[in-house]
Amino acid sequence: MTPPSLSERARAGLAATDMDDPPYLAPLNPPQREAVLTTEGPVLMLAGAGTGKTRALTTRLAHLIATGRAGPGDILAVTFTNKAAREMKERIGELIGEAVEGMRWLGTFHSIGAQILRIHAEIVGLKSSFTIIDTDDQIRLCKQVIAAEGLDEKRWTGRGFAGLLDDWKNRGLTPGEVPADEAHKFGDGRAIKLYRAYQERLISLNAADFGDLLVHNLTIFRKAPDVLARYHRRFRYILVDEYQDTNIAQYLWLRLLARDAEGKSGGNICVVGDDDQSIYGWRGAEVANILRFEKDFPGAKVIRLEQNYRSTPSILAAASAIIDHNSNRLGKTLWTDVPDGPKVKLRGVWDADEEARQVTDDIEAEQTKGRRLSDMAVLVRASFQMRSFEERFNTAGIPYRVVGGPRFYEREETRDALAYLRLVRNPDDDLSFTRIINKPRRGFGDKAVQTLNIAAREMRVSLTEAGRRLLETDEMRGKARTSLARFLEQLRQWQAMAETTPPSELSETVLEESGYTDFWRNQKTIQSAGKLENLKELTRAAGEFDTLEGYLDHVSLVAERPAESSDGEVWLMTLHAAKGLEYPVVFLPGWEEEIFPSGRSVNENGQDGLEEERRLAYVGITRAREDCRISFAANRQVYGRWQSALPSRFIDELPEEHVEVMSEPGLYGVKAKEMPAYSRFDQVAASDGGYDTPGWKRARSSRPRNPAPAIDGSSRLIASSVGGTSPFKTGERVFHQKFGYGEVKGADGNKLDVAFEKAGQKKVIASFLIAADEV
DNA sequence: GCGTGGGAAATTTTT
DNA sequence: TTTCCCACGC
């Protein structure tokens, strides 16, 4: 480890007495050290996968505080997820101890945005007690606005409009700033009018959605330069993690905070990221932000962390070869000094079930060799691909854990349970009231809710209060009346109970007495056991808090699944969920055109979409430490239809010398000569020295050059090679690799109706069949 | 007020 | 194929 050079010391402003390296610098390599010591001016830290980014970044913050350059409260440090913020805090704490508690501006964009908004809420017409609504509520609100505008609610869905709102808010646009020509995007040209109505409704509810947390900040900073100046003075140092994932609103927010009053880029802003790992373009992230950083902040120092501490040379070579095919890159070359391990393994299989079987076999083999299950992960492109793995793991008795999916606090049963608790704490919470008043069914249906709503609006009180008053008159009758009376009485009891009972016990009682637990107990669905389990978990989590308030505040701030122990379980997750994680053994199944790269991404976003998919491939491979196994299937069921699939183009981009082809001979079991279309797969799968056979190359080159229509690429290829007519006659006896023997019943182009002896009648592609007498 | 059947849709996901 | 949503009928 070289000591800092004179110029580095000068630049970092190190006084002579600081010359002895503080111990925390010792574990750093030269670029990491530079990233820590270059405290002044704009810095772009380009940190490749596995290069010790977090270490550099946390040391930098610790260094700022330890050397007295900034107090803990003078640093703005933003991340995207609560998890990242928590980890950063922990690791800084390891370096500087208690002082980390003073870092009140370390958090997610949204939590910091919310903090600032609470202080200056009145500037945008909110009270500082505003509530933050989640996506679910946002969609409900959208529906209301669409209905109020008298639009066709089938054609114009709440979800669709919420998506457009997100898009605008990601771009930092208020209703007045949306370009007029975007009004046509929704609701017969009334999109902007709807946006305005939606915002007005939010203000009257004293609420903000996630996007508002930042957009309102922008408005505040622009409207009140004195407020901005205050934050500008306060945040002497700014640090941004995962900068490649920032959207326009976040970019504008940072720029306002980082530039000085004259608009010059004098701020001490350090952004950390990896343009090659930008995989959130579809939710508004702009890779352009990181690509443009040096222009935005002239004089920016660019520091590249390229020494990888995670993976073997083969794995790095595979990842680098793929990402090299992208054009818009800042460019980095990962290297490592660890000895090489096994080559990246590539395997072609028949279908998804076969793929799952092979992966499971591999996992079991590794396990016998003494590898822990939790050291292995299966990373898929889309969650529907998980099904075959879950099924296979279950039959094989391999414990596994799915990461991601609906988060704990977003699940239906959790939200319902929380609505009950919220209502106990605050009877005026109308959103919660509406959510659970008839769940479980207690005979208080839509009609009754509507009556109650009208009454509440007339009396200008909450629904609970309106209910109480209605019971004093005879406006509400029959079943609804009894039901409401009973519910309000229960609510009263629970409130009284809340005074003296700890949250976990209260939660259990409320869920039991309200009939909510029974509601799920009586449902005979497969999921109900899991739901009950979640409810139990909720109660358990409440046990960690002394007060109901404390618990509920925690929940609305951190919408995460509680951490679960994971030893002895294989990991199963999407590539997106795997970002930032690493495993000794990584399986990457489903590398087929249309799946990965996702056909939709490529179709909708063309070259940009394809490059993002390629970054996803890069992220996937770089998760592996020792062993990376890629596979693809020749057939896949899409929405219940069997389709043939071509291996992903990314497979062609792998470096042959670092890849071992593992497909077993005869896997495809069909005579190549007789099946021209099929032969390509056969040759791909053949273990005759590589996947780059002439037939394979032919197949690739005959694929349409334009990536956009690739959706039909596979089937068109098959269809044309078969010449449009089936080589089989009706009544002919045929054999199918998967379904066995059968008789042709009819044909539609190259798709045949075949009655199989074992598998029943199915539609299959002609090229997957051979005449029975040839077997 | 509640249950059911037909029809449309079907990635990736944090706050 | 599955899943979700809504309209319709009891």
Side-chain angles (χ1 to χ4, degrees), chain A residues 78-85 107-114 132-139 143 153-155 157-160 163 166 169-170 208-215 242 245-247 249-250 278-285 379-387 403-407 409-410 412 438-450 478-480 483 525-527 556-561 573-580 590 594-605 609 612-613 615-617 619-620 636-643 762-763:
Chain A
V78 271
T79 63
F80 275 85
T81 63
N82 287 301
K83 188 174 162 221
T108 63
F109 275 102
H110 289 88
S111 71
I112 291 172
I132 301 166
I133 64 166
D134 63 18
T135 313
D136 211 69
D137 291 330
Q138 188 189 23
I139 291 170
K143 275 188 190 154
E153 288 177 70
K154 268 185 234 148
R155 183 155 146 64
T157 63
R159 185 174 296 276
D166 270 348
K169 292 186 178 188
N170 283 339
D209 63 24
F210 288 127
D212 283 344
L213 297 180
L214 277 164
V215 177
E242 306 281 14
D245 287 336
T246 50
N247 60 34
Q250 288 156 341
S278 164
I279 54 174
Y280 286 108
W282 48 273
R283 67 175 196 213
L379 313 182
V380 296
R381 175 62 183 84
S383 43
F384 72 82
Q385 293 170 262
M386 292 183 184
R387 211 211 59 216
V403 178
R407 277 162 301 288
Y409 291 115
E410 275 175 17
E412 181 189 3
N438 205 29
K439 196 170 183 184
R441 309 240 182 249
R442 40 174 79 88
F444 199 86
D446 291 346
K447 184 81 189 303
V449 171
Q450 215 181 336
K479 210 174 170 187
S483 156
T525 55
I526 323 147
Q527 292 108 1
S556 47
L557 239 109
V558 181
E560 277 175 2
R561 175 204 297 258
M573 67 190 96
T574 64
L575 288 162
H576 283 92
K579 192 171 161 205
E594 294 304 298
I595 301 278
F596 189 41
S598 142
R600 195 163 157 184
S601 275
V602 177
N603 281 327
E604 288 177 6
N605 302 309
E612 181 153 315
E613 294 290 307
R615 291 193 290 268
L616 209 42
V619 167
R636 196 160 284 272
Q637 217 174 3
V638 182
Y639 304 140
R641 264 176 225 284
W642 279 100
Q643 289 183 3
K762 293 201 184 297
K763 274 200 198 312

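Labels below follow one simple rule: chain letters A, B, ... track the order of the sequence lines, proteins then strands, and each chain is numbered from 1.
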Whole angstrom value for the distance that separates [atom2] of [N] from [atom1] of [X]:
X	N	atom1	atom2	result
A:Leu214	B:dT14	CG	P	17 Å
A:His576	B:dT12	NE2	C1'	4 Å
A:Phe109	B:dT15	CZ	P	13 Å
A:Leu575	B:dT14	CG	C1'	17 Å
A:Gln637	C:dT3	CD	C1'	15 Å
A:Phe80	B:dT14	CZ	C1'	9 Å
A:Lys439	B:dC2	NZ	C1'	15 Å
A:Gln250	B:dT14	CD	P	14 Å

Residues in side chain to side chain contact (heavy atoms under 4.5 Å, CB included) with [X], at least two apart?
X	value
A:Arg441	A:Asn438
A:Ala578	A:Leu379, A:Met573, A:Arg623
A:Arg600	A:Ser598, A:Glu604

_Can you tell whether the side chains of A:Glu613 and A:Arg381 come within less than 4.0 Å, N to carboxylate O?_
yes
*Can A:Trp282 be called stacked on B:dT12 when the rule is centres closer than 5.5 Å and an angle between planes below 30°?*
yes
*Looking at B:dT13, C:dC6, B:dG3, which one has an atom nearest to any side-chain atom of A:Lys143?*
C:dC6
_Which nucleotide in B:dG1, B:dG3, B:dT12 has an atom nearest any side-chain atom of A:Ala448_ = B:dG1
*Whole-Å C1' distance, B:dT14 and C:dT3*: 25 Å
*Rounding to the closest angstrom, what is the interatomic distance between C:dC5 and B:dT12 at atom P?*
16 Å
*asked:* The criterion is ring pair (Phe, Tyr, Trp, His ring centres under 6.0 Å); which residues satisfy it with A:Phe444, sequence neighbours excluded?
replied: none
*Taking only residues two or more places apart in sequence, or in another chain, which ones meet A:Phe80 in a ring pair (Phe, Tyr, Trp, His ring centres under 6.0 Å)?*
A:Phe109
*Are OP1 or OP2 of B:dG1 and a side-chain N or O of A:Arg442 less than 4.0 angstrom apart?*
no
_Determine whether a donor-acceptor pair (N or O, by modelled atom type, separation under 3.5 Å) exists between the side chain of A:Gln643 and the backbone of A:Gln637._
no
Pairs under 3.5 angstrom, nitrogen or oxygen only, protein versus nucleotides 5-11 of chain B, please.
residue	atom	partner	partner atom	Å
B:dT11	O4	A:Ser601	N	3.4

Looking for any heavy atom pair under 4.0 Å, which part of the strands does [X] touch: base, sugar-phosphate only, or nothing?
X	result
A:Lys447	sugar-phosphate
A:Ala114	nothing
A:Asn438	sugar-phosphate

_side-chain hydrogen bond (donor to acceptor under 3.5 Å, both in side chains) partner of A:Asp245, chosen from A:Arg283, A:Lys579, A:Gln250_ = A:Lys579
*Relative to the 5' end of DNA chain B, which residue comes earlier, A:Leu616 or A:Gly445, by the nucleotide with the nearest heavy atom?*
A:Gly445
